[in-house]
Amino acid sequence: MLHRIFSKLRTVGQITIGTGLERHGKRAYITACGVPDCGWSSDYETYAAAEIAARGHRCRIR
């Protein structure tokens, strides 16, 4: 899991992509849906993968 310190936050629609360091000091990217009660989030090793996931997320909460 990523530490709670993020840099370079970017939003894609309702999804936020954050860059941070994992426990071993390696850069990682986390995506999280900003819609209340959705709860979707995931972490990735590359920014491209995180951006594809952010663009492909379809929130079921409306």
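Residue indices begin at 1 and follow the sequence shown. On a predicted model such as this, the values are computed, not experimentally measured, just so you know.
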### Query
What residues, two or more places apart in sequence or in another chain, satisfy side chain to side chain contact (heavy atoms under 4.5 Å, CB included) together with Ala53?
Trp40, Tyr44
### Task
First locate atom CG of Leu21, then atom NZ of Lys26, and finally report the distance between them rounded to the nearest 0.5 Å.
12.0 Å
### Query
Which distance, rounded to the nearest 0.5 Å, do you find between the OH of Tyr29 and the CG of Asp43?
12.5 Å
### Query
Heavy-atom distance under 4.5 Å between the side chains of Thr31 and Thr16, does that happen here?
no
### Query
Honestly curious: do Leu9 and Ile15 fall in one hydrophobic cluster under the side-chain, below-4.5 Å linking rule?
no
### Query
How far apart are the closest heavy atoms of Ile17 and Ala54, and which atoms are they?
CD1-CB, 4.0 Å
### Separation between NE2 of His57 and SG of Cys33, rounded to the nearest 0.5 Å
3.5 Å
### Message
How long is the straight-line distance from OH of Tyr47 back to OG1 of Thr19, given to the nearest 0.5 Å?
### Response
7.5 Å
### Task
Sort and list the pairs that fulfil salt bridge (charged side-chain N to carboxylate O under 4.0 Å, His left out) and have at least one residue in residues 46-56, not counting sequence neighbours.
Arg10-Glu51, Glu51-Arg55
